[in-house]
There are 2 protein chains.
Amino acid sequence: MTVTLADVAARARVSPATVSRVLNGNYPVATSTRDRVLRAVDELDYVLNGPASSLAAATSDLVGILVNDIADPFFGIMAGAAQSQIGGPGDGSGRAGGEKLAVVCNTGGSPERELTYLTLLQRQRAAAVVLTGGALEDPSHQAAMAVKLAKLADAGTRIVFCGRPPLPDSDAVTASLAFDNRGGARRLTEHLLELGHRHIGYVAGPLERTTTRHRLEGHREAMKAAGLHGDEESLTVHGPYDRRSGYDATRELLAREGEVTAVVAANDTVALGACAAVRDHGLRIPEDVSVAGFDDLPFSVDAMPALTTVRLPLAEAGARAGRLAVGKEKAPAGGIATIDAELMARGSTAAPRG
Amino acid sequence: MTVTLADVAARARVSPATVSRVLNGNYPVATSTRDRVLRAVDELDYVLNGPASSLAAATSDLVGILVNDIADPFFGIMAGAAQSQIGGPGDGSGRAGGEKLAVVCNTGGSPERELTYLTLLQRQRAAAVVLTGGALEDPSHQAAMAVKLAKLADAGTRIVFCGRPPLPDSDAVTASLAFDNRGGARRLTEHLLELGHRHIGYVAGPLERTTTRHRLEGHREAMKAAGLHGDEESLTVHGPYDRRSGYDATRELLAREGEVTAVVAANDTVALGACAAVRDHGLRIPEDVSVAGFDDLPFSVDAMPALTTVRLPLAEAGARAGRLAVGKEKAPAGGIATIDAELMARGSTAAPRG
DNA sequence: CTGTTAGCGCCTTCAC
DNA sequence: GTGAAGGCGCTAACAG
């Protein structure tokens, strides 16, 4: 019923081994035979059996890209860029040559699902795995991840981190591309301080996430350097990386801390919620309250006024991660690269009144 | 080096077949033996060899979800919902039982890549494929798709459309969930007409896409029913589904058609660009010009003023598609279901001046 | 309920 | 440059 490599071999009047060789192209084959084989492939409309091939070769062409939230463009942009580098240009023939199958897996931020996906990918003998976004800092999960990644690496799976800090004491990870969240956050807060703000509220992300912690640390570094500290706790509210969190937290900050003149959000989406809360409180942006985000997602420039934020080169980082995953690019020295974050000062921040 | 099913069998003092049976759970096994096997699995830290399993069983646990643009929440929301239904709840053991591997593939809107991904999925003997979003209407591509899908279906792969109109004359597709783009667009334009608008610009999506055509048709139906027609062409501009397109097209409409009092955009992202253009033209929303979008993505409510749009139940549709893909839900009668679109009238539309 | 026996379709040494 | 043969690890009939 389904056509196999042997059928192609018969039609091309060669041995199965030869067909395999031209298909994989990793071996010298006479041009005439190659043409004959290729013709037979087309005529028979043959499609390689992936499982059989992977079984025999002990490796597959699957590359997994793990993301925390597929509905969030922050991850979508990175994943899309990575995928475009992995899939190959695609020759348009639809024949699908030696292409890798780049697929994205949505963990939803759940540590269990993260581990499960890794197991599933391990089961498929994936060629590579790209892990995007911040990591959970829970020690037991970190340990479980380290173990799992070590096993994957042992089995020959290449592992790349994108926008995630390197794993300490682990050589399982081929390369780690980490965003300079701390530095970006520091510069953002410095910008507000320079404008004259002294009472700055901070809507942080969920606890136990590296991204949350690094951004918060950068913020506090700047505050401390300006001699402002002591009320960090009361000016910080934690919540998920969504609009709702920004809205609720900001309402709370505005209610209990009358003097807040600026709100820094964990990311742009949270900042949008913060903006809505400021307005619903009857205040203007930036005249009464300044608001800032993080990431510089495409919609940030469309906020009214345009959002001051920190730009992360998501597409570039994702593309690089994709190239690293398929070995098109060599790992940075030490396997670790820090990616700069750039302050984008726009209309949503200004000097406080008075 | 790597532990196999035989190793587990030896340790549990049973035959390989028995191990296979408890792992797949599709066969009666005595509780005591099952426990013994499971223990051996844990002790040996055994991970099933997916390719071998797929080869023997002639089917894999891979489910592909194709999207046009992974950085667009429109697709991210559907894909995430689908994935959550397919992956199973995950028992948190990290053992990854009979779970399916739901993966999303980004075609970038390219027909070649769409076909290539389908081939790759066919090669993997995927259990199911979910195709999301509008289809390209190019006849040759449609024909190629029909052929490819028929082959996939023949090989036992279940095929589900989500947010895509059914394929004519094809029984390859298990189920088609189509959004009522035409009806939604009609109601949106009727809303503007009721407000008193007569000169309505339309920023359409790319040509040859079902989504673009259906929304445009709905719009024109409403215009025609109101006795307004003749200048459709000059009031319509086509472009990609992005912010830039909305911006450029709207500037153009505003420049050449001074009397336009409302702009309908192909989707919310395009609408955001339209809003920016209206403002840069020195006009206010909605006092001078009304703007409307489509899809009701999460950020739409945060636009200033909040965007009037048409809500599509993306998460619900995606979840349903996921369930259909794994056979958790039976296909609707005729294999086709139309999903309603709901008008969300908000602040960005109002009666025209005068 | 459990063991035995054949392959699934391909890759990969080996020979020629 | 090409063919022959063995085995990758698992599942699916069959027996028992």
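Model, not experiment: these values are computed from the prediction. Letters A, B, ... mirror the listed sequences (proteins, then strands); counts begin at 1.
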request  = Would you give a per-nucleotide map of nucleotides 1-7 of chain D, 5' to 3', where B means the base has a protein non-hydrogen atom under 4.0 Å away, S means only the sugar-phosphate does, and - means neither?
outcome  = SBBB---
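B/R320 meets the salt bridge (Lys or Arg N to Asp or Glu O under 4.0 Å) test with B/E329; sequence neighbours excluded. With sequence neighbours left out, the side chain to side chain donor-acceptor pair (under 3.5 Å) criterion links A/S53 to no other residue. In terms of the salt bridge (Lys or Arg N to Asp or Glu O under 4.0 Å) criterion, A/R158 has no residue partners (sequence neighbours excluded). Residues passing the side chain to side chain donor-acceptor pair (under 3.5 Å) test with A/T132: none are found, sequence neighbours excluded. Residues meeting the salt bridge (Lys or Arg N to Asp or Glu O under 4.0 Å) test with A/R36, sequence neighbours left out: none. Under the rule for a side chain to side chain donor-acceptor pair (under 3.5 Å), the partners of A/S15 that lie at least two apart in sequence or sit in another chain are A/T18. With sequence neighbours excluded, the residues forming a salt bridge (Lys or Arg N to Asp or Glu O under 4.0 Å) with B/R164 are B/E114, listed by chain and number.
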inquiry  = Between A/V14 and A/V19, does the side chain to side chain contact (heavy atoms under 4.5 Å, CB included) criterion hold? Intermediate values first, please.
reply    = CA-CA 7 Å; A/V14 294; A/V19 177; 3.8 Å; yes
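Applying the 4.0 Å criterion to OP1 and OP2 of D/dT11, one finds that B/N24 has a side-chain N or O inside that range.
Counting any heavy atom pair closer than 4.0 Å across all strands shown, B/L55 reaches a base atom.
One atom, CG of B/N26, and another, P of D/dT11, lie 10 Å apart when rounded to the nearest Å. Rounded to whole Å, the distance from CZ on A/R123 to C1' on D/dG9 is 14 Å.
First and last contacting nucleotides of DNA chain C toward chain B (any atom under 4.0 angstrom from a heavy atom, 5' to 3' order): C/dC1 to C/dG9.
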